[in-house]
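Before any comments, here is the structure.
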Amino acid sequence: MIDELSKQYNPKETEDKWYKFWEENDLFCAKPNPKKKPFCIVIPPPNVTGILHMGHALNNTIQDILIRYHRMKGEEALWMPGTDHAGIATQNVVEKSIAKEGLKRQDLGRDKFIERVWQWRQQYGSTIIHQLKKIGASCDWQRTRFTMDDEYSKSVLEVFVRLYEAGLIYQGNRIINWCPRCQTALSDEEAPHHDLQGNLYYLRYPLKEQGLSPASTYGQAKGTVPYVVVATTRPETMLGDTAVAVNPKDKRYKHLIGKTIVLPLAHREIKIISDSAVDMKFGTGAVKITPAHDPNDYATGKKHDLEFVNVMYPDGRMNEFAGDYKDMDRFEAREVILEDLKEKGLLEKVEPHALSAGHCYRCHTIIEPYLSKQWFVKMAPLAKPAIEAVKKERIKFHPKRWTKVYLNWMENIQDWCISRQIWWGHRLPVYYCKKCLETKAPESKIKDRKSKIEQGIIVSRIKPEKCPWCGSSDIYQDEDVLDTWFSSWLWPFATFYWPAGTVSTEVNAFSSKGTVPKEDLNYFYPTSVLVTAPEIIFFWVARMIMSGLEFMKDIPFSDVYIHGTVRDIEGKKMSKSLGNIIDPLEIIKEYGTDALRFSLISITAQGQDVYLSKERFEQGRNFANKIWNASRYILMNLEPENVQVDLCVFFKKEDLSIVNRWILSRFYSVLKEINKDLGSFKFNEAANLLYGFFWHEFCDWYLELIKSDIKNKQNQVVMYKVLEKFLRTLQPFMPFITEEVWQKLPQGRQVTSIMVEPWPHVQEQVIDKKTESKLLAIFEAITQIRNMRAELDIPLQATVKVKIACGNKPKREVLKQLCVDIEKLAKCELIIEEDYRHSQGEFVNVLKDLHIAIVLAGAIDVDTYKEKLKQKIDKANQDIKAKANLLGNSNFVKNAPVEIVEKEKEKLAELEGLLKKMQGIRDGLK
RNA sequence: GGGCAUUUAGCUCAGUUGGUUAGAGCGCUACAUUCACAUUGUAGAGGUCAGAGGUUCAAGUCCUCUAAUGCCCACCA
């Protein structure tokens with residue numbers, strides 16, 4: 001059976017097989033177990049429209065490593081999976097798909113359109129889930145949640161109602177970020193600013209009053225019609241101007257305050273007002289005020305009780321208040337308005353001006369600050385405890401620097417616009433009474449939210465039959481839906497069906513087998529670690545902390561691990577539009593899932609961005625192949641009866657050969673480090689330790705050393721034990737190959753899967769640093785001999801006679817013990833002596849306290865040899881000089897710790913010995 | 001305007017609290033193919049740790065400044 005193993009590891013044959021096996025045996029399932037410590041991660045729910053990219057691959061590999069590690073450590077490890085309905089993104093996708101049939105969503109109507117979205121979700125919505133399975137994610141899939149599930153939606157509505165009743169949700173007419181393409185409001189986070197190269201246009205606004213002295217600084221010829229020059233980057237908004245503001249301290253304009261301007265093109269009269277917020281140094285010091293199209297101007301407008309003139313339709317075209325420019329797109333209108341102003345001599349000048357503007361995070365259209373009626377969450381009260389939780393380190397960010405980013409944002413938090421003018425999402429649980437709205441006086445609101453009634457507005461978990469105010473049954477629901485993030489921020493507890501204590505199985509066919517959800521929530525909340533990318537700290541992480549503290553009265557997780565962004569080899573973010581995507585599924589096809597996972601992890605330093613090229617994945621593939629072949633070799637030579645031998649019982653420590661003592665000590669030393677690294681989120685360091693240990697120590701040295709005596713019982717036991725434990729330690733990183741090999745081991749007992757085996761325990765008593773350093777010295781000697789052979793051009797096949805002289809008795813004993821191994825590895829015949837006496841025809845090198853001499857059959861080239869020796873002697877002299885200087889420095893001797901001084905003294909002595917030996921060799925040469 | 005990160009071998013990056021001779025992968029050079037593995041092995045070359053100053057017995061590591069690159073935040077008309 002063993003000989004059938006192919007020479008190369010073939011991931012295709014193993015991955016699907018084992019994944020299916022794990023799932024069929026419910027190995028990913030977790031349920032409350034009072035005897036075990038819970039460990040829970042909630043997945044950052046990918047968009048239901050999502051397609052797996054490298055960012056997902058990295059994010060989910062990290063989570064899987066954590067989950068698999070903690071599962072093996074004996075904790076009840078739950079990885080809660082699910083997807084996000086991704087309101088705007090999904091709606092856009094479905095709109096595109098119906099556009100192929102020549103349809104707009106309005107043609108279908110709301111209900112039909114929503115039906116189409118559900119159909120789409122049915123058909124394509126699990127793509128990302130299948131892809132997560134391909135990368136080996138060990139999520140408890142039976143629990144898979146979706147933010148639009150009925151039960152989840154109940155949580156969302158519950159939260160809305162509670163916040164409204166607490167006075168933390170309000171409706172307001174404010175300037176918000178409006179995407180004219182998606183035709184919806186966006187939160188500030190959804191409208192990131194990007195730099196633009198635009199212009200600053202200087203417009204002349206004529207004064208109504210004649211005979212005033214002009215603001216002469218601005219190129220105005222005396223005696224002409226006086227005007228004020230304003231500077232703007234968005235001239236099309238001038239049609240909505242309702243004032244011009246100047247700073248009260250500005251001498252240039254003092255006399256004009258209160259005067260009237262005739263707004264060009266719009267032919268309206270507006271006032272010049274004074275406001276200390278105006279920056280005298282910017283532009284002309286006079287600023288046009290457009291309260292309906294700019295957040296600053298809005299504030300000014302409120303303050304001065306100005307008119308609000310909205311000049312645009314929701315789609316970004318100019319509306320009826322734009323007069324002649326009606327129906328023009330906002331950017332087209334800009335050009336035409338500039339032309340018209342120029343014609344009238346009212347465009348003074350144009351200056352290039354760098355600015356930044358918000359862009360829709362879904363379609364990248366430049367957003368329009370737009371006055372409209374929206375729903376908001378008052379954030380400051382929610383932020384307060386969330387700030388405390390992080391300041392008091394109940395929640396820790398890794399790497400730490402993100403704490404500052406989080407706190408900075410939280411301390412300056414703005415109210416959150418949560419209503420969206422789209423169809424796909426949770427519809428606001430807000431109902432209006434037609435009659436009340438028609439009859440109510442503008443200020444007739446009841447302020448006491450506890451009564452849950454406000455005339456005309458009913459916020460309710462279920463649709464009310466009658467208006468509680470007037471009894472009318474003419475009630476309709478708000479058309480808007482909630483921001484997608486208004487459901488995601490509940491993820492750590494809404495996935496456990498908060499606040500419901502039970503779940504109706506008909507609602508969710510995937511509800512977890514035989515567990516009562518309320519227990520789940522109690523058991524798994526707060527969750528343990530949240531793993532995510534920096535770009536959603538504000539969108540999601542911060543908000544989850546707020547909602548957790550508000551509704552669960554507890555933090556949602558104790559650690560937040562922020563990993564880097566995946567970039568291409570040139571440092572650009574990987575994105576479809578740039579065409580620089582490396583598709584993880586392609587990598588899996590070509591190199592295997594374990595290779596993908598291992599390579600990704602090993603090159604991702606904590607919190608640093610990841611620069612990827614396809615070749616990077618060869619490392620992982622090669623490692624998998626190395627593991628495969630080493631395992632194959634061990635399996636070919638292993639006698640099954642040795643597998644069950646217990647190391648501690650059959651071999652006392654002093655019975656173990658030095659080589660076996662060494663490899664066991666090395667394994668546990670490495671394991672100790674790995675535990676430390678995994679505990680502090682240093683996944684790359686753990687991965688690289690495993691790589692280095694297995695390849696260079698276990699394969700290159702250990703297996704080579706025991707090769708000639710591989711049937712020895714002790715060697716058999718040790719080599720098997722180390723392999724078996726190594727596989728377990730590697731399992732979280734490379735779950736497939738470790739399972740495949742582990743299942744082939746002749747374990748002589750009933751086994752299920754490596755993934756539910758215990759994590760190896762560090763055997764402190766086996767760690768033996770002295771043995772480790774002894775072996776290291778032997779390896780150096782072997783390398784030295786090989787090096788000398790190469791210098792002498794001695795073919796690898798030829799056996800040479802080598803003399804090693806060592807004055808140190810214990811070391812000489814080790815050399816004698818390992819004589820046979822050294823002879824084999826260095827291909828030599830070894831003579832071990834106490835003192836070195838030079839004979840003619842010997843090529844000698846000094847390595848610490850060793851003389852290593854190759855006895856040559858023929859003559860050696862004395863001159864070349866001398867030259868080499870001279871170089872080494874010079875180097876030694878230099879080093880000695882440096883050390884002597886250091887030790888001669890009384891400050892060093894006085895101030896440095898004793899150990900360091902002692903060490904330096906030893907080194908000096910060592911160097912001096914080395915020099916003496918080399919000089920001896922030189923002097924022995926003719 | 002504010003903040004963060006990065007700068008170490010030809011390339012991509014590690015380097016914990018300051019303390020031997022600064023590491024890895026890839027690439028490069030030479031040699032090796034009846035050997036578990038050429039997706040391999042052996043040996044080797046390659047570094048003024050961005051620059052300047054400072055603290056210290058001692059700096060890649062701490063402090064200050066400078067430069068370059070990238071990212072984030074901000075109500076820059």
Side-chain angles (χ1 to χ4, degrees), chain A residues 5 7-9 175 192-193 200-201 230-234 237 245 277-279 282-284 286-290 294-299 353-356 369 399 401-402 404-405 408-409 412 414 534-535 537-538 564-565 567 569 571-573 591 595 599 602-613 615-616 618-619 621-637 676-677 680 682 684-685 688 691-692 699-700 703-704 707 783 786-791 793 795-797 825 879 883 886 889-897 899-901 903-904 906-907 910:
Chain A
L5 292 186
K7 282 171 88 168
Q8 278 179 16
Y9 172 58
I175 297 268
H193 282 65
L200 197 54
Y201 302 93
V230 296
T232 180
T233 54
R234 294 190 300 149
T237 62
V278 175
D279 180 358
F282 191 91
T284 63
V287 54
K288 63 193 265 313
I289 302 295
T290 324
D294 183 278
N296 279 328
D297 294 2
Y298 177 80
H353 183 72
L355 68 151
S356 73
R401 64 171 187 270
W402 295 108
K404 239 174 115 178
V405 176
N408 181 50
W409 186 76
N412 297 295
Q414 302 293 312
E535 51 264 34
I537 291 177
F538 306 144
T565 305
R567 298 173 185 284
I569 207 76
K572 291 197 191 97
K573 197 169 162 176
Y591 300 101
S599 292
S602 85
I603 61 175
T604 306
Q606 189 179 42
Q608 289 306 123
D609 286 353
V610 190
Y611 294 75
L612 273 187
S613 67
E615 297 75 52
R616 287 303 183 94
E618 287 175 11
Q619 190 197 354
R621 178 201 56 183
N622 294 355
F623 186 40
N625 200 50
K626 189 72 182 177
I627 293 163
W628 182 251
N629 278 297
S631 305
R632 192 162 70 98
Y633 176 68
I634 289 170
L635 285 169
M636 280 192 299
N637 290 288
K676 224 171 87 192
D677 290 339
S680 53
K682 290 178 183 166
N684 66 318
E685 292 188 25
N688 291 331
Y691 180 93
C699 292
D700 290 351
L703 288 181
E704 292 305 324
K707 218 169 216 177
T783 302
R786 286 167 172 168
N787 179 345
M788 287 161 73
R789 293 176 53 121
E791 277 185 270
D793 270 334
L796 287 175
Q797 304 89 328
L825 295 184
D879 292 348
K883 283 274 173 280
L886 182 63
N889 183 339
S890 60
N891 279 328
F892 171 71
V893 181
K894 205 167 64 196
N895 293 322
E899 317 89 78
I900 299 290
V901 178
K903 247 188 202 171
E904 290 299 325
E906 276 171 35
K907 264 181 271 167
E910 200 177 277

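Just so it is clear: chains get the letters A, B, ... in the order the sequence lines come, proteins before strands, and each one is counted from 1.
Counting only Watson-Crick and G-U wobble pairs whose two key distances fall under 3.5 Å, RNA chain B forms stems of three or more stacked pairs at B:1-7 with B:67-73, B:10-13 with B:23-26, B:28-32 with B:40-44, B:50-54 with B:62-66.
The structure places CZ of A/Arg234 at 7.0 Å from NZ of A/Lys288, a figure rounded to the nearest 0.5 Å. How far CG of A/Asp297 is from OG1 of A/Thr290: 5.0 Å, rounded to the nearest 0.5 Å. Interatomic distance, CG of A/Leu355 versus NE2 of A/His193, reported as 9.5 Å (0.5 Å rounding). From A/Tyr9, atom OH reaches atom CG of A/Asn622 across 14.0 Å, with rounding to the nearest 0.5 Å.
Look at A/Asn622 and you'll find a side-chain N or O under 4.0 angstrom from OP1 or OP2 of B/U40. Residue A/Ser602 places none of its side-chain N or O atoms closer than 4.0 Å to OP1 or OP2 of B/A24.
A salt bridge between A/Glu904 and A/Lys907 is present, with a side-chain N of the basic residue lying under 4.0 Å from a carboxylate O of the acidic one.
B/U16 and B/A5: their P atoms are spaced 15 Å apart (whole Å). Distance noted for atom P between B/A43 and B/G53: 41 Å (whole Å). Using atom P as the reference point in both B/U64 and B/G70, the two lie 25 Å apart (nearest Å). Here the separation of B/C62 from B/G2, taken at their P atoms, is 24 Å to the nearest Å. Distance noted for atom P between B/A59 and B/C49: 12 Å (whole Å). B/A24 sits 14 Å from B/G46 when the P atoms are compared, rounded to a whole Å. Rounded to whole Å, the separation between the P atoms of B/A74 and B/C11 comes to 37 Å. Taking atom P in both B/C73 and B/A52, the straight-line distance is 36 Å, to the nearest Å.
At the heavy-atom level, A/Arg786 lies under 4.0 Å from the strands shown only through sugar-phosphate atoms. Across all strands, A/Thr783 comes closer than 4.0 Å only to sugar-phosphate atoms, never to a base (heavy-atom distances). Using a 4.0 Å heavy-atom distance criterion, A/Asp297 is classed as making no nucleic acid contact. Residue contacts for A/Glu704: at a heavy-atom cut-off of 4.0 Å it reaches a base atom on one of the strands shown. If you check every strand for non-hydrogen atoms under 4.0 Å, A/Phe538 touches sugar and phosphate atoms only. Residue contacts for A/Val230: at a heavy-atom cut-off of 4.0 Å it reaches no nucleic acid atom on any strand shown. Base engagement by A/Gln8 is indicated by at least one non-hydrogen atom pair under 4.0 Å involving a base atom.
For the pair A/Lys626 and A/Tyr691, the cation does not sit on the ring face, since its NZ or CZ is not both under 6.0 Å from the ring centre and inside 45° of the axis.
If you check B/A77, B/A43, B/C37 against the side chain of A/Lys7, the one that comes closest is B/C37. Distances were taken from every side-chain heavy atom of A/His353 (C-beta onward) to each of B/A77, B/U39, B/A36; the shortest belongs to B/A77. Checking B/C73, B/A43, B/A36 against the side-chain heavy atoms of A/Asn787 singles out B/A43 as nearest. Nearest nucleotide to the side chain of A/Tyr691, out of B/A43, B/C76, B/G25: B/G25. Candidate nucleotides B/A77, B/A36, B/C57 were compared by shortest atom distance to the side chain of A/Arg632, and B/A36 ranks first.
Looking at A/Lys626, its side chain comes within 3.5 Å of the base of B/C37 through a donor and an acceptor atom.
Under the 4.5 Å side-chain criterion, counting only non-hydrogen atoms from C-beta, A/Asn625 is not in contact with A/Arg621. In this structure the side chain of A/Lys7 reaches within 4.5 angstrom of the side chain of A/Arg632, judged on heavy atoms. In this structure, the side chains of A/Phe892 and A/Ile900 come closer than 4.5 Å at one or more pairs of heavy atoms.
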Taking protein heavy atoms under 4.0 Å as touching, what does nucleotides 1-10 of chain B look like 5' to 3' if B marks base contact, S marks sugar-phosphate-only contact and - marks none? --SSSS----
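Rounding to whole angstrom units, CH2 of residue A/Trp409 and C1' of B/A74 are separated by 14 Å. One atom, CG of A/Asp294, and another, C1' of B/A77, lie 7 Å apart when rounded to the nearest Å. Whole-Å rounding puts the A/Lys894 NZ to B/C57 P distance at 8 Å. Here the P atom of nucleotide B/C73 and the CD atom of A/Glu535 are 10 Å apart, to the nearest Å.
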Identify all pairs in which a protein N or O lies below 3.5 Å from an N or O of nucleotides 15-21 of chain B, and state each distance.
residue : atom : partner  : partner atom : Å
B/U21   : OP1  : A/Lys883 : NZ           : 3.2

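Looking at A/Arg786, its side chain does come within 3.5 Å of a backbone N or O of A/Leu825 through a donor-acceptor pair.
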